[in-house]
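Start at 1 with the first residue, then count along the sequence. Every value quoted in this text rests on a predicted model; they were computed, and no experiment measured them.
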Amino acid sequence: QVHLVESGGGAVQPGGALTLSCTASGSIFKMHMMGWYRQAPGKQREVVAQLTYINGYANYADSVQGRFTISRTNARHSVSLQMNDLRPDDTAVYYCHSLAQQSQHEIKLSEDWGQGTQVTVSS
């Protein structure tokens, strides 16, 4: 399995900013995708942003387009999520997610999740 650890969550006022970080460790031959999901109370888990490693393409939910930026860091198998102009409806537990090939002989990808980090936006 791939172990994902998130950090950077916290409480901010509307209009504030936070940066989340996620680092993957374990058996990783090739990382295919890393991204962020979130789940607010009473709502379904939703995709926030995804980064495809083969080409570096980033995809965003409409609700965060223009405000959030996902990017690779200098560390191996790590991504950050820069969140600007935060709104109360951004309040949720944010989960790091990965799809990875763990060895050159495997076909199936390993799908793994972090334990989540709380982001609270309120005045």
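Side-chain N or O atoms of E6 include one that pairs as donor or acceptor with a backbone N or O of C96 at under 3.5 Å.
Not counting sequence neighbours, the partners of S80 by the side-chain contact (heavy atoms from CB on, under 4.5 Å) test are T19, S21, S71, T73. The side-chain contact (heavy atoms from CB on, under 4.5 Å) search around N55 returns T52, Y57, not counting sequence neighbours. Scored by the side chain to side chain donor-acceptor pair (under 3.5 Å) test, T91 finds no partners at all (sequence neighbours excluded). For the side-chain contact (heavy atoms from CB on, under 4.5 Å) test, residues two or more places apart in sequence or in another chain that qualify with H97 are Y37, L99, E111, W113. Under the side-chain contact (heavy atoms from CB on, under 4.5 Å) criterion, A11 pairs with T120, sequence neighbours left out.
Rounded to the nearest 0.5 angstrom, M34 CE and S78 OG are separated by 6.5 Å. One distance of note links OG1 of T117 with OH of Y95; it measures 10.0 Å at 0.5 Å rounding. Rounded to the nearest 0.5 angstrom, L81 CG and L18 CG are separated by 9.5 Å. In this structure, F29 CZ and E106 CD are separated by 10.0 Å, a value rounded to the nearest 0.5 Å. With rounding to the nearest 0.5 angstrom, the OG atom of S63 is 7.5 Å from the CZ atom of F68. Atom-to-atom distance recorded for S25:OG and L4:CG is 7.5 Å, nearest 0.5 angstrom.
Linking Ile, Leu, Val, Met, Phe, Trp and Tyr whenever their side-chain heavy atoms come within less than 4.5 Å puts V47 and V93 in one cluster. A continuous path of ILVMFWY side-chain contacts below 4.5 Å connects I28 to Y53, so both sit in one hydrophobic cluster.
Contact annotation: the side chain of L20 approaches that of M83 to within less than 4.5 Å [non-hydrogen atoms, C-beta and beyond]. Put simply, the side chain of S98 does not reach to within 4.5 Å of the side chain of M33, judged on heavy atoms. In this structure the side chain of P88 never reaches within 4.5 angstrom of the side chain of S122, judged on heavy atoms. Q102 is listed as a side-chain neighbour of S110, based on a closest heavy-atom distance under 4.5 Å. Residues L86 and N84 fail the side-chain proximity criterion, which asks for heavy atoms closer than 4.5 Å. Residues M31 and R76 have side chains not in contact (no heavy-atom distance under 4.5 Å, counting atoms from C-beta outward). V48 places none of its side-chain heavy atoms less than 4.5 Å from the side chain of Y60.
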*Could you walk me through whether L51 and R72 pass side chain to side chain contact (heavy atoms under 4.5 Å, CB included), step by step?*
CA-CA 8 Å; L51 182 65; R72 296 177 65 175; 3.2 Å; yes
*Check step by step if side chain to side chain contact (heavy atoms under 4.5 Å, CB included) holds for V121 and Q13.*
CA-CA 5 Å; V121 185; Q13 295 182 334; over 6 Å; no
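Among residues at least two apart or in separate chains, salt bridge (Lys or Arg N to Asp or Glu O under 4.0 Å) pairs with a member in residues 18-45 are R38-E46, R38-D90.
Across V2 and S27, no two heavy atoms sit closer than the pair CG2-O, 4.0 Å. Between Q82 and A17, the shortest heavy-atom distance links the atoms NE2-CB, 4.0 Å.
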